[in-house]
Amino acid sequence: MLRACSHLVVATDDVPKMTHFFSSLFEINPYFENKEFSEFVLPSRFRIAFFRPVGASAKHFKSTQERGGLGIGLTVENVDSIYDKAKGMAGTQVSGPPKEHPWGEKSFLLIDPDGNRWELTQSPSTDGMLVNR
């Protein structure tokens with residue numbers, strides 16, 4: 001039986017660059033980092049890792065693949081402040097100012113320096129998860 005979504009791994013050719021990007025945008029320090037792998041542990045205990053595919057993992061993970069088919073959703077405390085910070089960061093693209101949605105969330109889309117798509121959301125709930133209306 002599936003219990004939870006616990007972590008995300010993102011392939012990159014430049015782990016230090018992506019670690020710096022993620023750390024700077026979200027003001028969070030990595031739990032672990034070196035030149036090949038870094039991992040962030042969010043307050044919810046969900047983990048996000050960046051790694052350089054080498055050895056056997058390079059057969060299954062490609063850091064240069066088109067990333068347009070997947071978006072990663074992250075909930076933040078203040079989506080407007082993250083938007084302001086993100087639009088000034090080199091190598092990032094944003095969809096436009098955060099938009100209010102009828103279900104109560106407010107969000108914008110961001111493309112990071114590696115081409116990953118992130119939806120950054122501010123939720124009306126205290127735990128950051130979508131409220132079932």
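Bear in mind the structure is a predicted one, so any value in this text is a computation, not a measurement. Just so you know, these numbers use all the heavy atoms, side chains as well, and skip hydrogens, waters and symmetry mates.
- Judged by distance alone, the side chain of Glu105 and the main-chain N or O of Gln122 form no donor-acceptor pair under 3.5 Å.
- In this structure, the ring of Phe108 has its center less than 6.0 angstrom from the ring center of Tyr83.
- A salt bridge is defined here as a Lys NZ or Arg NE, NH1 or NH2 lying under 4.0 Å from an Asp or Glu carboxylate O, and Lys106 with Asp80 meets this definition.
- When the options Phe26, Phe22, Tyr31, Phe32 are evaluated for a ring-ring contact (aromatic ring centres under 6.0 Å, His included) with Phe40, the one that passes is Phe22.
- Not counting sequence neighbours, the partners of Asp114 by the salt bridge (Lys or Arg N to Asp or Glu O under 4.0 Å) test are Lys17.
- Under a 3.5 Å cut-off, the side chain of Thr121 and the backbone N or O of Ser123 do not form any donor-acceptor pair.
- Shown here are the salt bridge (Lys or Arg N to Asp or Glu O under 4.0 Å) partners of Glu77, two or more places apart in sequence or in another chain: there are none.
- Among residues two or more places apart in sequence or in another chain, the salt bridge (Lys or Arg N to Asp or Glu O under 4.0 Å) test is passed with Asp84 by Lys87.
- A donor-acceptor pair under 3.5 Å is absent between the side-chain atoms of Thr19 and the main chain of Ser38, judged by distance alone.
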Atom pairs and distances, donor-acceptor, side-chain atoms in residues 42-50, under 3.5 Å, two or more places apart:
residue, atom, partner, partner atom, Å
Ser44, OG, Phe46, N, 3.4
Arg47, NE, Glu39, OE2, 2.9

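- In this structure Lys99 satisfies the salt bridge (Lys or Arg N to Asp or Glu O under 4.0 Å) test with no other residue, sequence neighbours excluded.
- For the side chain to side chain donor-acceptor pair (under 3.5 Å) test, no residue two or more places apart in sequence or in another chain qualifies with Gln93.
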